[in-house]
There are 2 protein chains.
Amino acid sequence: MYRIGELAQRYEIKTDTLRYYEKHGLLAPSGRSDSGYRLYNDEDEVKLRFILRAKAVGFSLAQIHELLVIDASRAKWACHDVKSIVEKKVVELEQKIAELNQFRDSLQQLADACCGGPESAEHCSILDALEVRQ
Amino acid sequence: MYRIGELAQRYEIKTDTLRYYEKHGLLAPSGRSDSGYRLYNDEDEVKLRFILRAKAVGFSLAQIHELLVIDASRAKWACHDVKSIVEKKVVELEQKIAELNQFRDSLQQLADACCGGPESAEHCSILDALEVRQ
DNA sequence: ATAAACCTTGGAGTTTGGTCAAAGGTCAAA
DNA sequence: TTTGACCTTTGACCAAACTCCAAGGTTTAT
């Protein structure tokens, strides 16, 4: 059984983060001491690892919550359910990557058109481009 | 001269967005009517176009503010100054793209390892992978 | 004149994931 | 026993970019 500070330190997160996860339904401690201290057991620790690993691959806390619901009653769900959450996230990421690539390309074009030297910005092609009627 | 509603409608943004931009130092109207209404002139309109265009290629409002400072006194700045802001943004975007690609690859691996069928999630390789000690 | 659309200001709310502060109780080591 | 670290709860704050609300003044068209 860990107290909140021990578990937080073990995984290099803040105690406040654990309290936040509890408040938002992600991870509640399995018990409390007589004085009201949160007590986390081994299963709680496994669950925290799940959360941190899912965060590390880009899931939002809401998405992690969905996965945790499935994980809590695995037998009631199919592999298909899990896989589709992951695939949906992949699509989401691919869309964001595409958008950022577009931004990158537009900006690279602007940068390429600019001499970038010590000349006055009075006739700067980048500034001009930002001002045009779309 | 436009009133706030006219300019907002012309560019399909909210009046509140214009007030927000004014409050945050991005775009102040050039004048006020006797009754206190904001009055935007042609230069204000050009400036708004600048803001919207810069947003459209991924700049944050803080970054746009920097560009506007340069644009306001172009002769006092060099092309180099403008280009370096743009190039910094390109680097920033490339870093984010790299991170998202990493997330995408990790998740794609997880998805590929899962049968994704109607079998019980009891032995789901995705859920297992999220639980391992790092 | 009237009514509705338009405008003003100031402040609060939303989103997401935390983080901080205050007041006060508990625990462990010296 | 004392002290300092640790814990609790509650509520507010932070970031960034809006958006909403309330109260009240102004403008425009009928």
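- Base pairing of C:dA30 is made with D:dT1, judged by Watson-Crick or G-U wobble geometry with both donor-acceptor distances under 3.5 Å.
- When the side-chain nitrogen and oxygen atoms of B:S35 are compared with OP1 and OP2 of D:dT27, one or more of them lie within a distance under 4.0 Å.
- Side-chain N/O atoms of A:Y37 and base N/O atoms of C:dC27 include no donor-acceptor pair closer than 3.5 Å.
- When the C1' atom of C:dC7 is taken as reference, atom CG of B:L7 falls 15 Å away, rounded to whole Å.
- Rounded to whole angstrom, the span from the CG atom of B:L52 across to the C1' atom of D:dA17 amounts to 13 Å.
- Minimum atom distance to the side chain of B:I4 is reached by C:dC7, of the listed C:dC7, D:dA17, C:dT19.
- Salt bridge B:R74/A:D128: present, at least one basic N to carboxylate O contact under 4.0 Å.
- Judged by atom type and distance alone, A:Y21 does not reach the base of C:dG17 through any side-chain donor-acceptor pair under 3.5 Å.
- Note: OH (B:Y20) to P (C:dG10) measures 17 Å, nearest angstrom.
- Whole-Å rounding puts the A:E6 CD to C:dA28 C1' distance at 12 Å.
- Note: CZ (A:R38) to P (C:dC27) measures 15 Å, nearest angstrom.
- Residue contacts shown for B:S60 are limited to sugar-phosphate atoms, with no base heavy atom under 4.0 Å away.
- In terms of phosphate contacts, B:R3 brings no side-chain nitrogen or oxygen within less than 4.0 Å of OP1 or OP2 of C:dA5.
- Nucleotide C:dG17 holds its C1' atom 14 Å from the CG atom of A:L18, rounded to whole Å.
- A donor and an acceptor atom, one from each side chain of A:Q109 and A:D105, are nowhere located under 3.5 Å apart.
- The pair B:R19-B:E22 does not meet the salt-bridge criterion, since no charged nitrogen lies less than 4.0 angstrom from a carboxylate oxygen.
- As a whole-Å value, the separation of B:H65 NE2 from D:dA17 C1' is 15 Å.
- Summary of the strand contacts: B:R19 and A:L61 both lie near DNA chain C, and taking for each the nucleotide with the nearest heavy atom, the more 5' one is attributed to B:R19.
- Between A:R53 and B:E131 there is no salt bridge, since no side-chain nitrogen of the basic residue lies less than 4.0 Å from a carboxylate oxygen of the acidic one.
- Under 4.0 angstrom from either OP1 or OP2 of C:dG17 there lies no side-chain N or O belonging to A:K23.
- Between C:dT19 and A:T17, a contact under 4.0 Å exists linking OP1 or OP2 to a side-chain N or O.
- Separating the CG atom of A:D16 from the P atom of D:dT9 is a distance of 11 Å, rounded to the nearest angstrom.
- Summarising the geometry, atom OH belonging to A:Y11 is positioned 6.5 Å from atom OH belonging to A:Y2; distances are rounded to the nearest 0.5 Å.
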